[in-house]
Structures are given as structure tokens and as C-alpha cells.
Amino acid sequence: MLHRRELDYCPPAPRPSPARPGFVELLIKLRRNPLECWSADFFQEPIAKLRLPFADAFLVHDPQAIKRVLMDNSRNYQKDTIQRRILSSGLSDGLLSVEGERWELQRRILAPVFARRTVNSFTKAMLSAANGLAARWTSLEPGATVDVAAEMTLVTLNVLAVTIFSGGIGGDFDEFRVAMNAYFSVIGRIGMLDLFGVPKFVPRPGYRRLRHTMAYFEAVIDTIIHARYQRLAALATHDGPDDLLTLLLRSLDPSTGRQLSPTEVRSNILTFLSAGHETTANTLAWSIFLLSQVPEWRSLVVEEAQRELSNPRDDLADRLIVTKAVIEETLRLYPPIAALSRAAVDADVLGEIPVKPRSLIVIAPYVLHRHRGLWSRPDAFDPSRFLPEARGRIPRFAYMPFGVGPRTCIGSSFALQEAAIVLAVLTRHFEMQLLPHSEVWPLQRITLRPAKGLPMRLIQRRAL
Ligand code: HEM
């Protein structure tokens, strides 16, 4: 049983200001760190209204109203231009960005690719990427310091590379990684042009460079896809590499028998790389940080990892119960996608509040997960909330790091499994200590990440 002191550890987060920011202050804060925009009232009110220059905005943190927007009346709430630009710039034909019938078709084709059984079959690949990182850390001098945030970005990209293309990305992996980072640094910012609803054809700063990066990604991926098409076509049987790319190329829409076009395959690979990379990396970085601050939970994770990793099975992640509770609590406190937005198509009513067409709806998991009306000790790190005996007490629609409804994250099982495996492997082998005087602070860019990385000293706990 853990003591009160551990239950009360409140990790770093901006203190909500007592008053709402004025419009100019809002713009400044949005550019600097959107987390700072949330004043105290948002953490208390179920629905708050804001007047923006181009439309009304509703900040919705009432579980029933969330259900209406994202599930019951989801057809009336489409992804708005801000969200589209921030989350899916350049990936216009992938699942994250398409709407209507094109989305329905792709979702039907892709659902089996992310089914639980398929995801479980990636356990070995995930373990091998995690062990690869542990081996590299072991080769460093004793007590070496690394930026754990950057290391997690690397390991999650490796996991995607081996699960999508079992043969690797080919060519220069480092060049691909650098391009990926450049891409995120441009698309992650909410600019004034977006806030004022300035149309997409007006160029945004850094976008010329982005186009160049996109052309590079497309060329690398197209080469791999082309080679795989030829290889699969040459096989008489249904054999072929056991990875996401083979699944994507062979998947058929169960209703029409249609396959994804080559452009859709490419866009979805880029979508998985971008949607599944930084999000999972930040989940891992924050989990490692939180465990470094609370030794009691760390010991529980080490114990579990030692037990379950000695003879891992395909259902390994299901058995990492404490590790998963730590990850879910991390996703509550630091949800990688800190806010979602939608635009109302037709008029509607949320709670008792009328919503006009074109209103902007913002649902912020960051606010919802710390809402005073929904959580006890909302700012405290307490993974026991997510242990099996307690989880059922969490109100529905009060916790949604992966979104809710038809557009919910298709990769959520993949991400949770990957995060649990990597966290267990690293915690089993290393004590990761935050360097003294490090400033750890959440910064919302495209994902919620530690502003200045996570410099940590590695002490090997157990030989590989
Ligand atoms: C901890 C890790 C992750 C988090 C927190 C996360 C979060 C989210 C959220 C909140 C959405 C919904 C956006 C909305 O409703 O507007 C979403 C959608 C999506 N995610 Fe994830 N995600 C994660 C990992 C992944 C991974 C690993 C993949 C794929 C390999 C992935 C692929 C997608 C795709 C394709 C969509 C769009 C689904 C659709 O519109 O039908 N995500 N994700």
C-alpha cells in the first residue's frame, strides 16, 4: 500500500490564472505555450463560451456534451481547419484527414490492421526495438547522461520502422529522422493566420521548407512501396513480410472489396509515422520522468517488469498491469494531444447552450483530465486510479487521451502496448535519475512535451 506522500506528488504544470486572458494576451500565450491559456474557470465550468473574431468558440468539458459532439451527433462536428493543419499537414489523403465516405472506407479497410490480435503479433518487434535501446545505453560509459525525451523519439520511430517495414526504412535512417523532426517543428505551431481563419492558400512561415521535406518523405516511402508491390506480386502464395505494409497492401474493404490506392497507402504510412511517433515518445518520456520522482511506483514497475519479462509472451502488455496504470495516469496528466477541435456544420444544442453553425468546439483532454468537478486530487500523480479494481469508477467521457467516438485513435492499442513494453524494459535495466536543477516543464506544440528535454543519468540496474 502506498503512503499519502506518494499519492500527493503533483508534477509540474502551469498554475491556471484566476482571470481569463484578454484577446492579445491569448494570442501571445497560444504562440508561447497554449497550456497557459487555460484559466481557473475552465477547470470548473462544464461549458464555457468565447467570442473569437470569426466565430463563437465553446470550450466543452462536460462528459454528456462531449459524448454529443464526438459520438451521438458526430456527423455535425467536422475536424476544423486549425486541427487539420496542426495534426495532419501534408497528409491530406490519410485517415487522420479525410472526411465523409472516404474516411468511412479507409477506416473499414484499416480497422483489421490495428485489431488486437495483429497488434499483439508485434510484441516481438517492439521488444527488439526496446532491447536495442537498452543495449545501446549499456554500451555508454557508466553513469552517462542522455536526453530521455530525444531517446524516446528515436525508439518510437524505430518501433514504427520495424512494424511498418520489417526490412527497415533503407537508405539513410538518420536523414529520415532529421527530416521527421524538421517536419514537426513547422507544423506544431498555432499561428495568428490560423486563428484568424486565413485560408490555406496564404503561405505560412516555414511552409516552403515543409513542402521540400514532404517531397523527400514521399520519395523514400514510394520506393519501399514499389519494391514491396513487386515482391508480393511475385509470390504465388499469401506469404510475404509480416508487417503493416504487407497488411496495408493486401487489405480489402469488407463491403466493396476495394483496396487502398498507392497514394492512400503512402499517405497512411506517413500518417502512422507522424501520428504514432511523437505521441508515444512523449507518453514514454513523461512516464519515465514521473517514475523518477516517485520511488514507490518505480519499485512496483521494476518488480512487475522482472517477473513478466523473464519469459515474455505475445500477451506481454496485458500482463504489465502496474506499468499500464502508470502509463494511463501519465496520459491523464500529460495527454500528448492536449486539445481537439471541431467545427459545427449545423446548429445544435450542447447542455442547454445553443450552438450556431461554424462555431468552433474545443475539447481539451488536458483540462478535462484535471477538471475539478470530475477528479479527486486532479493534479496529483496516482496510477492506482487505473488499476483494475478502481478503473470502473472513472466517469465515462472524463478520460480520453485517444479521443472518443468514430474518429477515436485507431492506433491506441498499438501505442499502449508499445509504451508498456518499452517502459518495462528500460525500467527493468536502468535507474533513470533526473539531473539535479533540471527544469522540467510541459510545452504544447503538436504534442505535449518536456520543454527542455529530459536530461537523465543512467545507472544500470541489471545486466542485459
Ligand atoms: C500515446 C499515443 C497516441 C495518442 C495520445 C494518440 C491520440 C490520438 C487522438 C486524440 C486522436 C483523435 C483525434 C480527433 O478525434 O480529432 C487520434 C487519431 C488517430 N491516431 Fe492516434 N494517438 C496515439 C498513437 C497513435 C499511433 C501509434 C498511431 C498509428 C500507428 C495513431 C494513428 C492515429 C490515426 C490514423 C488517427 C485518425 C483516426 C481517424 O480519424 O479515424 N495514433 N490519435
Side-chain angles (χ1 to χ4, degrees), residues 12-45 47-61 69 77-90 96 183-200 202-207 209-210 274-275 278-279 282 286 333-344 358-371 400-401 403 439-452:
R15 181 192 291 270
S17 58
R20 283 192 195 177
F23 188 65
V24 174
E25 196 187 348
L26 181 72
L27 289 181
I28 296 169
K29 287 184 167 179
L30 273 175
R31 190 146 182 85
R32 194 169 57 205
N33 185 0
L35 282 194
E36 295 173 18
C37 299
W38 299 109
S39 48
D41 56 324
F42 292 118
F43 294 85
Q44 278 149 10
E45 285 179 23
I47 302 180
K49 185 172 172 180
L50 276 186
R51 283 204 167 280
L52 294 180
F54 57 96
D56 288 340
F58 295 88
L59 297 311
V60 177
H61 300 110
V69 173
Y77 294 96
Q78 299 223 321
K79 294 200 175 183
D80 68 291
T81 44
I82 298 181
Q83 161 132 354
R84 224 186 270 279
R85 189 181 85 62
I86 302 302
L87 283 184
S88 50
S89 187
L96 200 59
Y183 169 75
F184 279 113
S185 71
V186 176
I187 65 166
R189 282 173 185 270
I190 304 172
M192 303 236 185
L193 298 177
D194 301 305
L195 271 183
F196 280 102
V198 173
K200 250 173 107 177
V202 177
R204 268 62 170 169
Y207 263 55
R209 209 163 14 103
L210 192 67
S274 72
E278 287 258 325
T279 43
N282 285 312
W286 286 115
L333 289 165
Y334 297 117
I337 304 297
L340 305 176
S341 49
R342 296 287 193 268
R358 288 188 302 284
S359 296
L360 176 70
I361 309 292
V362 178
I363 300 171
Y366 179 80
V367 176
L368 181 73
H369 294 175
R370 294 170 182 253
H371 202 278
M400 40 166 281
E439 261 178 68
V440 177
W441 197 249
L443 172 69
Q444 183 183 347
R445 280 290 173 253
I446 186 164
T447 54
L448 194 61
R449 60 183 194 217
K452 296 185 176 168

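Annotation: side chain of L443 is not in contact with side chain of R32 (no heavy-atom distance under 4.5 Å). Between I361 and Y77, the closest side-chain pair of non-hydrogen atoms falls below 4.5 Å. Here the side chains of P401 and H369 are in contact, with some heavy-atom distance below 4.5 Å. Put simply, the side chain of R51 reaches to within 4.5 Å of the side chain of D56, judged on heavy atoms. Counting heavy atoms from C-beta outward, V440 and W286 have side chains that approach closer than 4.5 Å. For the pair N282/L448, no side-chain contact is recorded, criterion being any heavy-atom separation below 4.5 Å from C-beta on. Considering only heavy atoms from C-beta on, W441 comes within 4.5 Å of P12 through its side chain. The side-chain heavy atoms of F42 and P16, taken from C-beta on, include no pair separated by under 4.5 Å.
Closest approach of R370 to L333, counting heavy atoms only: NH2-O, 2.9 Å. Between P365 and A339 the shortest heavy-atom distance is CD-CA, 3.8 Å. Residues H371 and Q44 approach most closely at CE1-O, 3.2 Å, considering heavy atoms.
Rounded to the nearest 0.5 Å, atoms CG (L50) and CG (L59) are 5.0 Å apart. Interatomic distance, CD1 of I28 versus SG of C37, reported as 10.5 Å (0.5 Å rounding). Rounded to the nearest 0.5 angstrom, R31 CZ and L26 CG are separated by 13.5 Å. If you take NZ on K29 and OG on S39, they are separated by 8.0 Å, rounding to the nearest 0.5 Å. Interatomic distance, NZ of K79 versus CZ of R342, reported as 5.5 Å (0.5 Å rounding). Note that CG of L340 is 4.5 Å distant from CE of M400, once rounded to the nearest 0.5 Å.
Side chain of N33 to backbone of P442: a donor-acceptor contact under 3.5 angstrom is found. A distance-only check finds no donor-acceptor pair linking the side chain of H61 to the backbone of F43 [under 3.5 Å].
The local environment of CZ in R20 is crowded, with over 12 non-hydrogen atoms from other residues, nucleotides or ligands closer than 6.0 Å.
For S17, the side chain to side chain donor-acceptor pair (under 3.5 Å) test picks out no residue, with sequence neighbours left out.
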